[in-house]
Visitor: 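This is the structure, below, for whatever I ask next.
As the structure is a computational prediction, the values presented were derived from the model and not from experiment.
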Amino acid sequence: MAMRGHGMGGRGGAWVGMRSMRQDRAVLQHRVKKGTARRMLTFAVPYRKILAVFIPVVILDAVIAAVNPLILRSLIDNGILKKDAHLVVALALLVAGLAVFDGGLALTERRISAYIGESLIYDMRSKVFRHIQRMPLAFFTRTQTGALVSRLNNDVIGAQQAFTDLLSNVVGNLVTVVIVIAAMFVLSWQITLAALLLVPLFLVPSRFVGRRIGSLTKEGYDLNSEMNMVMQERFQVGGAMLVKLMGRPDVEATTFESKAGRVRDIGISQATYARIFFVALTLTASLATAVVYGIGGVAAVHGELAVGTVVALTSYLTRLYQPLTQLSNLNLDIMTALVSFERLFEVLDIAPMIDEAPDAVAVPRGRASIEFDHVRFTYPSAGEVSLASLESVAVLESGQRNEVLHGISFEVRPGTMVALVGPSGAGKTTVSNLVPRLYDVTGGAVRINGIDVRRATMASLRDVVGVVTQDPHLFHDTLRANLLYARPAATEDEVLEALSQAQIGHIAAELPDGLDTVIGERGYRLSGGEKQRVALARLLLKAPDIVVLDEATAHLDSESEAAVQQALRETLAGRTSLVIAHRLSTVREADELLVFDDGRIVERGSHASLLAENGLYAELYRTQFADQEDAEAQAAGSG
């Protein structure tokens with residue numbers, strides 16, 4: 001009779017045993033954080049009622065599997081050998097009935113295990129995803145995307161498998177082993193002891209095979225992770241373009257093939273060791289069967305043992321070795337589950353540096369003011385916002401971190417525009433990031449309508465403040481979906497009006513499927529000017545009271561630049577605006593200019609007054625804006 005496992009949903013026991021073998025035994029040396037096991041069990045609490053049904057089903061399944069050999073024994077000894085046809089038919093019908101009942105149990109077990117397993121995946125993924133969404137921008141600037149995705153995929157699935165397999169296999173295997181050994185001792189304790197003496201012949205080599213398979217599996221996982229990272233970076237439009245422009249496709253292919261080749265070799269080795277495992281299991285079971293048939297057969301010949309008892313003993317053997325193997329790896333299964341959960345808890349335990357205050361208040365809508373009150377800022381360290389295991393290259397930071405902003409103060413009155421100018425690295429972008437609270441100040445305060453942004457609700461802050469960066473991000477989705485991301489309830493007319501105001505109303509007619517055209521990853525199907533105007537249309541659809549803008553027209557052609565400039569005027573009209581200025585036209589239209597240098601405001605005033613001071617702004621004008629003024633004069637003359 002074939003071995004029957006008590007893994008999840010009736011999967012073959014040998015296969016479940018092989019999954020234990022594939023686990024990395026290095027986890028046994030890992031010191032799990034205190035409390036991990038208790039936190040792991042909290043994920044099972046919502047399913048305690050269904051577990052109360054699941055565990056008895058697993059136990060009953062194991063009991064039925066252990067009862068069959070006893071029925072077989074009675075069928076042979078009391079039915080066939082005694083020529084009792086009625087008993088033979090009755091016992092055969094009993095076996096058939098138990099088989100049908102056991103099949104129903106197996107389906108029930110599989111249904112429940114699938115529900116628990118998939119629900120655990122859902123719960124863990126949802127919890128981790130929601131938590132990551134609360135992380136500050138600094139977290140994403142340091143974290144490798146592939147590492148985060150791995151936590152949401154590999155670690156979540158690994159934790160689920162270890163948890164649910166542990167839950168069912170421990171119960172089922174313990175019940176099976178106890179019942180089988182007890183039954184075998186009752187039938188013949190001498191033959192049972194002889195058969196059990198062969199167990200070490202299988203367990204010792206299987207543990208060696210398990211260690212080897214575990215190390216190979218870990219190496220394979222690492223290599224697959226590296227290949228996934230390479231593919232993720234090289235298959236993006238920007239990465240593919242860099243490879244083509246730098247002329248290194250052959251080198252890239254060779255590097256990738258070397259890793260893929262090693263994965264192939266690991267797969268071959270794993271298959272070989274897996275076959276060794278199965279051969280060892282089969283051989284041991286065959287030797288034990290031979291022992292039972294030999295000793296039991298001689299005893300049956302001499303009338304000391306019934307024939308049915310010998311058959312029942314050999315049938316029990318086929319149910320004994322696999323559960324013993326799985327229980328021998330119980331510590332590995334437990335540690336694998338704990339380590340997988342611990343890696344998830346590592347992410348969940350990162351406290352968001354930017355979170356909503358318990359007494360947060362909503363920022364009222366309408367004309368808004370911005371106030372920077374003696375603001376100081378230092379970028380957070382890696383240890384404050386991330387994990388070394390989530391960074392592809394984790395470097396321990398040493399030394400004191402430099403302060404980026406040094407006590408700056410200014411105010412943007414409702415409906416006015418303040419432009420930030422200054423050399424690269426002066427702190428302009430940092431200032432723009434503090435208004436929507438992408439970072440929190442380390443000193444002083446940023447206020448909107450008199451409310452410290454740290455005391456504002458996140459939802460109201462998102463509604464009031466709109467931001468367009470120099471490199472706006474567009475999702476690999478339709479144009480409509482990208483626009484509606486700002487305001488899902490917007491109507492078709494409102495979407496078209498926003499596109500018109502952003503000077504890109506023609507795009508809906510020119511694209512193959514209009515608003516339902518997929519614009520590609522990061523909007524690569526659009527030109528630079530079109531991407532900027534789509535981002536502005538998205539902002540117009542959102543209709544914020546405050547606009548924070550890293551004006552991005554420096555690298556556009558003249559036609560696109562003119563269109564974007566007109567779109568900017570539409571966007572900023574009547575709104576409180578904080579703009580990092582790259583264009584002379586913006587500088588001239590600003591109500592006030594703030595000149596930054598080394599994290600300080602060194603000059604402030606209008607374009608004309610700052611030119612007259614002949615300070616840093618006058619120098620910036622001569623290096624950045626004078627050529628633009630000449631170009632504007634020439635364009636006006638030719639017109």
Visitor: Quick one: list whatever passes side chain to side chain contact (heavy atoms under 4.5 Å, CB included) with Y485, sequence neighbours left out.
Guide: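 Partners of Y485 by the side chain to side chain contact (heavy atoms under 4.5 Å, CB included) criterion, ordered by chain and then number, come out as F475.
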Visitor: Is there a donor-acceptor pair closer than 3.5 Å between any side-chain N or O of S315 and the backbone N or O of A312?
Guide: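 No: the side chain of S315 does not pair with the backbone of A312.
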Visitor: Measure the shortest side-chain to side-chain distance between L320 and M184 over non-hydrogen atoms and say whether it is less than 4.5 angstrom.
Guide: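 Side-chain contact under 4.5 Å: yes.
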Visitor: Which pair of non-hydrogen atoms, one from L51 and one from I116, has the smallest distance, and what is that distance?
Guide: CD2-CD1, 3.5 Å
Visitor: Please check this pair: side chain of E109 against backbone of V58, looking for a donor-acceptor N/O pair closer than 3.5 Å.
Guide: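 Between the backbone of V58 and the side chain of E109 there is no qualifying donor-acceptor contact (under 3.5 Å).
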Visitor: Is there a donor-acceptor pair closer than 3.5 Å between any side-chain N or O of S113 and the backbone N or O of R110?
Guide: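 A pair under 3.5 Å: yes.
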Visitor: Any side-chain to backbone donor/acceptor pair from D84 onto I80? Under 3.5 Å, distance only.
Guide: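 No.
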Visitor: State plainly whether the residues R39 and D349 are in salt-bridge range, i.e. N to O under 4.0 Å.
Guide: yes
Visitor: Is it the case that the side chain of H131 and the backbone of V347 share a donor-acceptor pair, with hydrogens and angles ignored and the cut-off at 3.5 Å?
Guide: yes
Visitor: Less than 4.0 Å between a side-chain N and a carboxylate O, is that true for K82 and D77?
Guide: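 No, this pair does not count.
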Visitor: Are side-chain N/O atoms of N68 and Y316 paired as donor and acceptor at under 3.5 Å?
Guide: no
Visitor: Sequence neighbours excluded, which residues qualify as side chain to side chain contact (heavy atoms under 4.5 Å, CB included) partners of Q190?
Guide: S188
Visitor: Using modelled atom types only, decide if a donor and an acceptor are shared between the side chain of R319 and the backbone of A65 within a distance under 3.5 Å.
Guide: yes
